[in-house]
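Keep in mind the model is a prediction, meaning the values are calculated, not measured. Both backbone and side-chain heavy atoms feed into the values below; hydrogens, waters and symmetry mates do not. FYI, the numbering just counts along the sequence from 1.
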Amino acid sequence: MRRHLLLWGLLSSAGAAAQDLTAYRTLAYTLDRAAAQVGRDPAAAKAELDRADAALSVLGPTLPGGEQGALASNLRSTVTQAHSALSRTPAEVQAHVLLARGLLRRALYDQALDSLQPQPGPANDTAALRLLGRELGLQGEALAALSLQARLGERDTVRWQVQRVAAGKVRAALQGTGPEQPRTVNYLALTRASSWFALVREPGRESTPPLGVPQFDRALQQVSGGDQTGLAQSLTDLQAGAADLERRLAVGAPAPSSQAVPPAGESPSGQEPPVPGTTPGTGTTPGTGTTPGMGTTPGMGTTSGTSTSAQNLDAVYAALARALTASGHGDPAQARATLAQVTPLLSEVPPAVRAAPAFAQFGRDVQTMQRRTGLRPDDVQALIATLGSAERQAAGQATAGSDGFAAGASRALGGGVRAWLGLGLAALCLLPLYLLRLAFGGSNVYWRSIWAGLLTLTLPLLLSGTFGLLAWLGDLLDLPLLRGAVNLTLSQGAGGLLLRGLLSAAGLALLAYGFWGLCQQFGLLGRRTVPGPVSRPPSRYTQHDLDWDEEL
């Protein structure tokens, strides 16, 4: 493990490729979730690592060197080793996750810098650069300052800002180390520091003692070997080197060619920059019980940090709304594609929401719905309700039990189960109609009215079962013509609700007319009764009364 923790030397000479950022976010999120779950639920951690494998298969071809390149190979090896470490200790899994996250960030860093053009322009403010800023924990004005320098084409200034923040994270991670600390704490803290060191490692600095790859490697060997004396000296040297690196970066800002912008982490108004700390996806903070993805984010307590987190949560709701719209238009493929954009956003919602009990279930449900054939609007509505429950739990408010019931029903009765169950109910609707016609025939106008009323009332079930199955088969077989049949089920939106209401009114009217005619025929309505203290209908009927079918 030790000899593989610092492999990003391979990245320094690799050209940056246009990575699939959606796959990047998914991979980063699933890795962080695996590290968070490994100490509590190994089965859930294994499931997250399986999802990481799937995300890596999508990301791999877009990395430098492609699927067979050194970076993709190292990432695949690291995730495989994390799988193997599940049977050993949580710390090993978390260390492999930190290694993978460091490799990912370095590749993203190279891509973001290589995409910057010398001339100013909005195209320089790339999605990769903004994602890198969020990986660094920049929010609000600090992230805006980084984007502004990118738009101005100040590549050296952008590099300096990124490295300055990363150097602060290296120093912060090393501050939690010491010979008196438990071995696991030192092990993870050194791994975390070395993962952030990947962003500041430059050819001109890599051999500068006492901070470099050999120094990190030696300290990790001393931790594993139990060499407390050597470790104490190594940690002292590393801490001094990190502090010196941070000072050199603080005073070594390149002169901007156009417009001065405050360094990353500082606000234009001259306020104190946020103290570098643990960012989402960096693992367990030394000396604390913080889990990956749940740590303290720089600026989180500020107004801008809270606003950014709220915007990220709004982005999740917006993606769910777009998925709801697509599913409501009979386009489950587009709905699934939109839900795939939700998973990478989950790591960017407020920590309080991520810590809510309902949020973990929400993440699993999103993964399930991304693979569901025949996705329907109520499936997405259940997702929205579950996220709303997590938000209310984070605010300390009570949640509705009906939301949990709806989510459970959606998990159990969706896709093919729903399609075949709907067909079965549609078939059952035909049985009473057949028996009614068989028992009473069709010569009596009132019984025909009752039969038509029952047919009208059961028509929504008949349509839902028939066209729902056709739509599911169309989605399963990728046949757009059949897939659109779901729009005829009357359960896709407010228009269907109106039609169901009209059909219900018509069916009830036909039933009322039919039964009114029968009551008239049997003398229960409109027949004059015998005068007396109590008026009552006749107690017996003649043969003429019973032969209404033959007469009418």
Chi angles and distances behind the salt bridge (Lys or Arg N to Asp or Glu O under 4.0 Å) call for R354, D32 = CA-CA 12 Å; R354 292 201 304 268; D32 292 344; over 6 Å; no

Assess whether salt bridge (Lys or Arg N to Asp or Glu O under 4.0 Å) is satisfied between R418 and D378, documenting all intermediate values.
-> CA-CA 12 Å; R418 174 174 182 161; D378 46 11; 2.7 Å; yes

Can you check salt bridge (Lys or Arg N to Asp or Glu O under 4.0 Å) on R392 and D403, steps first, answer last?
-> CA-CA 12 Å; R392 286 190 293 272; D403 290 345; 2.8 Å; yes

Between L138 and L132, is a side chain to side chain contact (heavy atoms under 4.5 Å, CB included) present by the stated rule, with each step listed?
-> CA-CA 9 Å; L138 300 181; L132 177 62; over 6 Å; no

List the steps and the verdict of side chain to side chain contact (heavy atoms under 4.5 Å, CB included) for L387 and V366.
-> CA-CA 10 Å; L387 180 57; V366 169; over 6 Å; no

Could you walk me through whether Q221 and D217 pass side chain to side chain contact (heavy atoms under 4.5 Å, CB included), step by step?
-> CA-CA 6 Å; Q221 292 178 16; D217 194 25; 3.4 Å; yes

Might you work through the side chain to side chain contact (heavy atoms under 4.5 Å, CB included) test for R336 and L375, ending with a clear yes or no?
-> CA-CA 8 Å; R336 287 191 296 269; L375 191 67; 4.3 Å; yes

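Taking CD from E67 and CG from L59, the interatomic distance works out to 9.0 Å, rounded to the nearest 0.5 Å. Here the OG1-CG distance, from T236 to L174, works out to 11.0 Å after rounding to the nearest 0.5 Å. If you take CG on L129 and CG on L146, they are separated by 4.5 Å, rounding to the nearest 0.5 Å. For the atom pair CD of Q81 and CG of L99, the computed distance is 8.0 Å after rounding to the nearest 0.5 Å. The CD atom of Q149 sits 10.0 Å away from the CZ atom of R151 when rounded to the nearest 0.5 Å. Atom CZ of residue R106 and atom CZ of residue F197 lie 10.0 Å apart, to the nearest 0.5 angstrom.
The two residues P377 and S327 come nearest to each other via the heavy atoms CA-OG, 3.4 Å. Contact record, T191 with S194: O-OG, 2.8 Å, taken as the closest heavy-atom pair. Nearest heavy atoms, S410 versus D379: OG-OD1, 2.9 Å. For the residue pair A360 and R33, the shortest heavy atom distance occurs at CB-NH2, 3.9 Å. Between V200 and A166, the shortest heavy-atom contact is CG1-CB, 3.8 Å. Here the closest non-hydrogen pair linking A100 and L31 is CB-CD1, 3.8 Å.
For the residue pair T373 / D475, no side-chain donor-acceptor distance below 3.5 Å is found, with atom types taken as modelled. Under the 3.5 Å distance criterion, with hydrogens and angles disregarded, no donor-acceptor pair is assigned to the side chains of Q181 and Y187. Judged by distance alone, the side chains of Q19 and T62 never bring a donor and an acceptor atom under 3.5 Å apart. Under 3.5 Å, the side chains of Q239 and T177 contain a donor-acceptor pair of N or O atoms. Side-chain contact check for Q111 and Y24: no donor-acceptor pair (N or O, by modelled atom type) lies under 3.5 Å. At a cut-off of 3.5 Å, with distance as the only test, a side-chain donor of Q361 or R364 sits close to an acceptor on the other residue.
By the 4.0 Å N-to-carboxylate-O rule, R155 lies close enough to D114 to be salt-bridged with it.
Counting heavy atoms from C-beta on, the side chains of T229 and L231 never come closer than 4.5 Å. You'll find the side chain of Q367 reaches within 4.5 Å of the side chain of R371, heavy atoms only. Contact check for L190 versus L235: side-chain heavy atoms found under the 4.5 Å cut-off. No side-chain heavy atom of R171 sits less than 4.5 Å from a side-chain heavy atom of L245. Using a 4.5 Å heavy-atom cutoff, the side chains of L56 and R76 are in contact. Using a 4.5 Å heavy-atom threshold, the side chains of L383 and L324 count as separate. You'll find the side chain of V158 reaches within 4.5 Å of the side chain of L116, heavy atoms only. By the 4.5 Å heavy-atom criterion applied to side chains, V79 and H96 are not counted as neighbours.
Atom CD of E180 sits in a crowded spot, with more than 12 heavy atoms from other residues, nucleotides or ligands closer than 6.0 Å.
A donor-acceptor contact shorter than 3.5 Å links the side chain of K169 to the backbone of L136. Judged by distance alone, with hydrogens and angles left aside, the side-chain atoms of N186 form a donor-acceptor pair with the main-chain N or O of G178 at under 3.5 Å. Judged by distance alone, the side chain of Q393 and the main-chain N or O of A358 form a donor-acceptor pair under 3.5 Å. Listed for the E246 side chain is no donor-acceptor partner under 3.5 Å among the backbone atoms of A167. Counting only distance, with no hydrogens or angles, the side chain of T338 and the backbone of Q334 share a donor-acceptor pair below 3.5 Å. Side chain of N74 to main chain of A70: a donor-acceptor pair is present (N/O by atom type, distance under 3.5 Å, no hydrogens or angles).
For the pair R105 and W196, the cation-pi test (distance below 6.0 Å, angle within 45°) is passed.
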